[in-house]
Amino acid sequence: MSKLADLVRNIPNWPKPGIQFKDITTLLRDPEGLRLAVEDLSRPFQGAGVDLVLGTEARGFLFAPAIALHLGAGCILARKPGKLPWRTVSQSYQLEYGTDCLELHEDAIQPGQRVLLVDDLLATGGTILAATALVHRLGGVVAGYAFLVELSFLPGREKLGSAPVHSLIQYATEE
Ligand code: AMP
């Protein structure tokens, strides 16, 4: 945990005052850190029957395909509106100010397939809850959640139901 935590750079007051931005580019550029992160994110879900790994736009895309390779699963993308070329299902969600939306191709998941949802960071849980709703709407089963970073002082994890939630680095305070 500390090796990985040391590789995440904290940027105070970015992109706006009061936000402590967790910059993972410093981890991604470190060969050992990148390998450790992908292995540690994948490990709890080995043998869990994961069919698909879902990455959320944009930084979930950085880990989902690598985890899928480790698990022998496929990879699907939850994207911002208007980015996917085929027919989609959409789910809007609340931001601090305003709303945002995620979409999946309507044939991304076959009913009953087991889906691991991946993002770089869990904060309020709004993003990953919207992705969860899309999985359910397509008849998928949530096999679990994997995050590189969890802001555990925010109530994200509690919103995610009974599926296993795995995070590699936790921040218990807004530091
Ligand atoms: P949330 O929907 O509140 O759980 O926010 C999670 C999403 O917002 C993830 O896709 C993150 O990439 C991004 N995010 C939220 N807070 C931060 C932060 N402090 N540092 C970096 N990314 C963040």
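Atoms within a ligand are numbered from 1 in the order they appear, just like the ligands themselves.
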Enquirer: Tell me the closest heavy-atom pair linking F153 and Y171, and the distance in Å.
Expert: CD2-O, 3.3 Å
Enquirer: Could you tell me whether F21 and ligand 1 have an N or O pair separated by under 3.5 Å?
Expert: no
Enquirer: With a 4.0 Å cut-off, would you call K80 and E57 a salt bridge?
Expert: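 Not counted as a salt bridge, because no side-chain N and carboxylate O are separated by less than 4.0 Å.
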Enquirer: Return the closest protein heavy atom for atom 22 (N) of ligand 1 as residue, atom name and distance.
Expert: R59 NH2, 3.4 Å
Enquirer: Considering non-hydrogen atoms of the protein only, which is the closest contact for atom 5 (O) of ligand 1, and what is the distance?
Expert: A123 CB, 3.6 Å
Enquirer: Report yes if L122 has an N/O atom closer than 3.5 Å to an N/O atom of ligand 1; otherwise report no.
Expert: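 No, since none of the N or O atoms of L122 sits under 3.5 Å from an N or O of ligand 1.
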Enquirer: Among all protein heavy atoms in this structure, tell me which lies nearest to atom 20 (N) of ligand 1, with the distance rounded to 0.1 Å.
Expert: K22 N, 2.9 Å
Enquirer: Please could you name the atoms of ligand 1 that G125 approaches to less than 4.0 Å, counting only its heavy atoms?
Expert: 1 (P), 3 (O), 4 (O)
Enquirer: Just checking, any donor-acceptor pair under 3.5 angstrom between side chains of Q94 and T99?
Expert: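 Distance-only check fails for Q94 and T99.
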Enquirer: Distance to 0.1 Å, residue and atom name: give those for the protein heavy atom nearest to atom 19 (N) of ligand 1.
Expert: Q20 O, 3.0 Å
Enquirer: What residues join Y145 in its hydrophobic cluster, counting side-chain heavy atom gaps under 4.5 Å, either direct or through other members?
Expert: L52, L54, I76, V89, Y93, L95, L102, L104, I109, V115, L117, L122, I128, L129, L134, V135, L138, V142, F147, L160, V165
Enquirer: Not counting sequence neighbours, list each pair that qualifies as a side-chain hydrogen bond (donor to acceptor under 3.5 Å, both in side chains) and has a residue in residues 157-166.
Expert: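 Non-adjacent pairs meeting side-chain hydrogen bond (donor to acceptor under 3.5 Å, both in side chains): E150-R157.
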Enquirer: Would you please determine whether T56 falls within less than 4.0 Å of ligand 1 on a heavy-atom basis?
Expert: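 Outside the 4.0 Å threshold, so no.
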Enquirer: Would you name the heavy atoms of C101 and P81 that are closest together and state the gap between them?
Expert: O-CD, 3.3 Å
Enquirer: Report yes or no: does a heavy atom of G156 sit under 4.0 Å from some atom of ligand 1?
Expert: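 Judged by the 4.0 Å heavy-atom criterion, G156 does not count as contacting ligand 1.
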Enquirer: Could you tell me which non-hydrogen atom of A143 sits nearest to which non-hydrogen atom of L116, and how far apart they are?
Expert: CB-N, 4.4 Å
Enquirer: Residue-level breakdown please: for T127 versus ligand 1, do any non-hydrogen atoms fall below 4.0 Å on the side chain, on the backbone, on both, or on neither?
Expert: both
Enquirer: Measure the distance from atom 16 (N) of ligand 1 to every protein heavy atom, then report the residue, atom name and distance (to 0.1 Å) of the closest one.
Expert: L121 CD2, 3.6 Å
Enquirer: For the residue pair A172 and S152, what are the closest heavy atoms and their distance?
Expert: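 Heavy-atom minimum between the residues: CA-OG, 3.4 Å.
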Enquirer: How does T124 reach ligand 1, if at all, at less than 4.0 Å between non-hydrogen atoms: by side chain, backbone, both, or neither?
Expert: both
Enquirer: Does any N or O of ligand 1 fall below 3.5 Å from an N or O anywhere on D120, backbone included?
Expert: yes
Enquirer: Measure across F21 and W14 and return the closest heavy-atom pair with its distance rounded to 0.1 Å.
Expert: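 In this case the closest contact between F21 and W14 is CB-O, 3.1 Å.
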Enquirer: Check this for me: does any side-chain nitrogen of one of E103 and R79 sit under 4.0 Å from a carboxylate oxygen of the other?
Expert: no
Enquirer: With nothing but distance in play, are any N or O atoms of Y93 less than 3.5 Å from an N or O of ligand 1?
Expert: no
Enquirer: Considering only protein heavy atoms, which is closest to atom 9 (C) of ligand 1, and at what distance to one decimal place?
Expert: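 Going atom by atom, the protein heavy atom closest to atom 9 (C) of ligand 1 ends up being D119 OD2, 3.3 Å.
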